Every structure is written in structure tokens, then in C-alpha cells.
Amino acid sequence: MDTGLRNRVAIVAASSKGIGRSTALALAAEGAHLALCARSPEALIEVAEEARSVHGVEVYTETLDVSEDNRVRQFCESVRSRFVRVDVCVTNAGGPPAKPFSETTIAEWDRAYQLNLRSIVSFAQGVLPSMQRQRWGRLITITSMTVRQPVPELVLSNAVRAGVLGLVRSLATQYGPDNITINNVGPGYTATDRVKELAETRARETGQQAGEYEASLAKDIPLRRLATPEEVADAIVWLASERAAYVTGQTILVDGGVYRGL
Ligand code: NAD
């Protein structure tokens, strides 16, 4: 399948690890040049080196926190200066803390908004005007399967990420006439460092064997296993590609069937 991504320019935010990293490398495998950002440089530089050496693409990196609006806008500007255009923008960030509503503070609500909703606004404002001028663009947000099936102890994520869906749907309508598609991907349980660390902590706390926590998660997943970050990246690459040119305003869950709704 020709994805049509060769020589396209793709921003992938929060791409030093996990789903962001796999997305960056999967886009590079399709021949897209990359602009990557994350908070710390070391892991980001490793991803950039791998993309250059294995896939022969150009890579621009910058160290930043996606919740800092001015830094995100400057980054988008720098990417355009470096590559002349931005074709694909994949937004991503760490998730807000998991806790019940009664334990959340107003400061955590503000932080969750800045990290998981406002950061997407910053990227959208940074890339959409030039995508409009070139009459081609893909904006893809990474959220969570919890946008369809909220999890009680993830109340910060549940509430703020619902706003992302409203944003995606609104922008898809507004920017469709400019040939820009805007979609959201909701990963289910995915075997990234974060989930592995959680599993190790849980194993230490409970005396469980390593792997038992992951197995306990897997038993409620129809496909009976966690996703790999590469499997989430595959859905993002498809949405970024020419093959998904008529798909916009949608949320695609990559959750192994966890969401039971129609
Ligand atoms: P991860 O912890 O493996 O990677 C997160 C990446 O984001 C890292 O590169 C980190 O440096 C970067 N990052 C975090 N905060 C940032 C910030 N403020 N500015 C810039 N970079 C930042 O996480 P992951 O598992 O790949 O998850 C990615 C997203 O998907 C998160 O929002 C997470 O909540 C969501 N998600 C993950 C799962 C899962 O099971 N892994 C499930 C549902 C949703």
C-alpha cells in the first residue's frame, strides 16, 4: 500500500518514548521527514539518530514542554523554516495523574487542561494556517480509549480529553474545505515504558510475579493482550496517509476491543 508519505514533513510531539516514538519511526519508515519534540534531549536524539540511520530521512529536534504555548508556536515556526512546509502534525503528551475526583486539586485540573487540551490548540494554531495555504494537511491527536469509556480513577483524563473530541470534530468541519483532515486516535492499554513501570511497581507492592499485572489487564481485553506502541502507530500512519484522505472528524480506538459500545 502506497501511503504517499514519502518526503512529507511530519511533526510528532512527545516523541522520545512510547507511542510518540513508535509513531515517529513508523512515519520515517514511510519516508516522511520528521520534526520531534519532548522535554529531555537524550532519548529524543536517539530516536532522531535511528530515523536518520535506518530510514534515511531528515530529522529536526527540539527540547520543550508541550504545555508551553509560546514554545510550541516557535517550534512550529522553526519546523517551517527548516523544511518549508508541515504536512502532518501528531499531537501527544504524557497523561494526567490517575486519582479519584475527591483527591484532585484545582492546580491539577489547570495542569491537565494545559497538557492535554491546550497543547493541542497550540499545535493546531501553529500548523493549520500553513496547511490551509498548501491545501493539504493532517492533524492527528493521541488521547485514550477513555474518551469512549471513561475510567473512574482517570477523571482528569476523562474530562479534559472529552474536550479534545469537541475540538477535533469542530476543526474537521471548519478545515475540511481546505483539504485538511483532523482525527483522533484512542489507544487502549499499550505496552510502553509507563505501563511496564506500573507493572513492576505493582509487582513489588503486591509480591506478584512480574507480568501478572499485565496479565490481569489483559484478561478484560477481547484480544487478551496489550497493544504494542507500533500497533497504535500503524493507525496513526494510516490516518496520515493518502489512503485515509476521506476520513475526518473521527476517533479510532486501538484498544483490542475493550470499548463494548456500538
Ligand atoms: P510514555 O510515558 O511512554 O511516553 C510519553 C512521552 O511524552 C515521552 O516521550 C515523554 O517525554 C513525553 N512527554 C510527556 N509530557 C510531556 C510534555 N509536557 N511535553 C513534552 N513531552 C512530554 O507514554 P505513552 O504510553 O506513549 O502515552 C502517550 C499518550 O497516550 C499519553 O497521553 C497517555 O496517557 C496516552 N495513553 C497511553 C496508554 C497506555 O496504555 N500506554 C493508554 C491510553 C492512553
Side-chain angles (χ1 to χ4, degrees), residues 11-26 34-48 50 61-72 75 90-99 108 110-120 122-123 140-151 153-165 184-202 213-214 216-218 220-221 223 225-233 235-236 251-256 258-259:
I11 287 177
V12 187
S15 42
S16 60
K17 288 199 285 181
I19 295 166
R21 175 184 185 279
S22 295
T23 300
L25 293 173
L34 300 176
L36 310 179
C37 63
R39 285 167 308 176
S40 55
E42 297 81 12
L44 197 59
I45 288 167
E46 275 178 36
V47 180
E50 184 172 341
T61 63
E62 217 174 283
T63 307
L64 58 82
D65 185 323
V66 296
S67 63
E68 289 178 28
D69 172 64
N70 56 338
R71 293 294 316 279
V72 170
F75 172 70
V90 181
T91 69
N92 187 29
K99 45 170 66 180
E108 286 170 333
D110 287 346
R111 175 74 187 146
Y113 158 68
Q114 287 172 12
L115 186 62
N116 297 110
L117 177 54
R118 201 188 66 181
S119 66
I120 298 169
S122 304
F123 277 105
I140 300 159
T141 59
I142 299 176
T143 57
S144 171
M145 67 178 169
T146 58
V147 297
R148 289 274 184 259
Q149 187 159 288
V151 173
E153 63 275 19
L154 292 179
V155 63
L156 289 161
S157 171
N158 298 337
V160 169
R161 285 178 160 155
V164 177
L165 262 58
N184 172 53
V185 169
Y189 295 114
T190 307
T192 62
D193 283 355
R194 208 163 121 229
V195 171
K196 284 181 196 155
E197 273 165 31
L198 206 63
E200 281 161 22
T201 312
R202 184 64 79 90
Y213 174 68
E214 283 188 26
S216 71
L217 290 177
D220 290 329
I221 302 171
L223 289 179
R225 64 177 180 84
L226 275 60
T228 65
E230 290 78 13
E231 287 171 321
V232 180
I236 295 168
T251 287
I252 296 190
L253 298 188
V254 185
D255 71 345
V258 168
Y259 173 58

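Just so we're clear, the structure is a prediction, and the values are computed from it rather than from any experiment. Remember, it's 1-based here, ligands and their atoms both numbered in the order they're listed.
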Original post:
Would you call Q114 a ligand 1 contact, heavy-atom distance under 4.0 Å?
Top reply: no
Subject >> T146, portion touching ligand 1 at heavy-atom distance under 4.0 Å >> reply: neither
Original post:
Do R21 and E50 meet the salt-bridge criterion of a basic N to acidic O distance under 4.0 Å?
Top reply: yes
Subject >> Contact with ligand 1 for L226, non-hydrogen, under 4.0 angstrom >> reply: no
Original post:
Between T190 and T192, is there a donor-acceptor pair closer than 3.5 Å when you use the side chain of the first and the backbone of the second?
Top reply: no
**OP:** Pick one of side chain, backbone, both or neither for how A14 approaches ligand 1, counting any non-hydrogen atom pair under 4.0 Å.
**Re:** both
Subject >> Under-4.0 Å heavy-atom contact with ligand 1, by part of N92 that carries it >> reply: side chain
Subject >> N70 and V72, any side-chain heavy atoms less than 4.5 Å apart >> reply: no
**OP:** Just jot down the ligand 1 atoms closer than 4.0 angstrom to any heavy atom of Y189, in number order.
**Re:** 40 (O)
Subject >> Option among S67, P97, P96 that satisfies the side chain to side chain contact (heavy atoms under 4.5 Å, CB included) test with R111 >> reply: S67
**OP:** Below 4.0 angstrom from a heavy atom of V195, which ligand 1 atoms are there? Numbered from 1 as shown, please.
**Re:** 39 (C), 40 (O), 41 (N)
Subject >> Within reach of ligand 1, part of R161 (heavy-atom separation under 4.0 Å) >> reply: side chain
**OP:** Answer with yes or no whether G186 contacts ligand 1, where contact means a heavy atom under 4.0 Å from a ligand atom.
**Re:** no
Original post:
Can you check whether V185 reaches T141 side chain to side chain, under 4.5 Å on heavy atoms?
Top reply: no
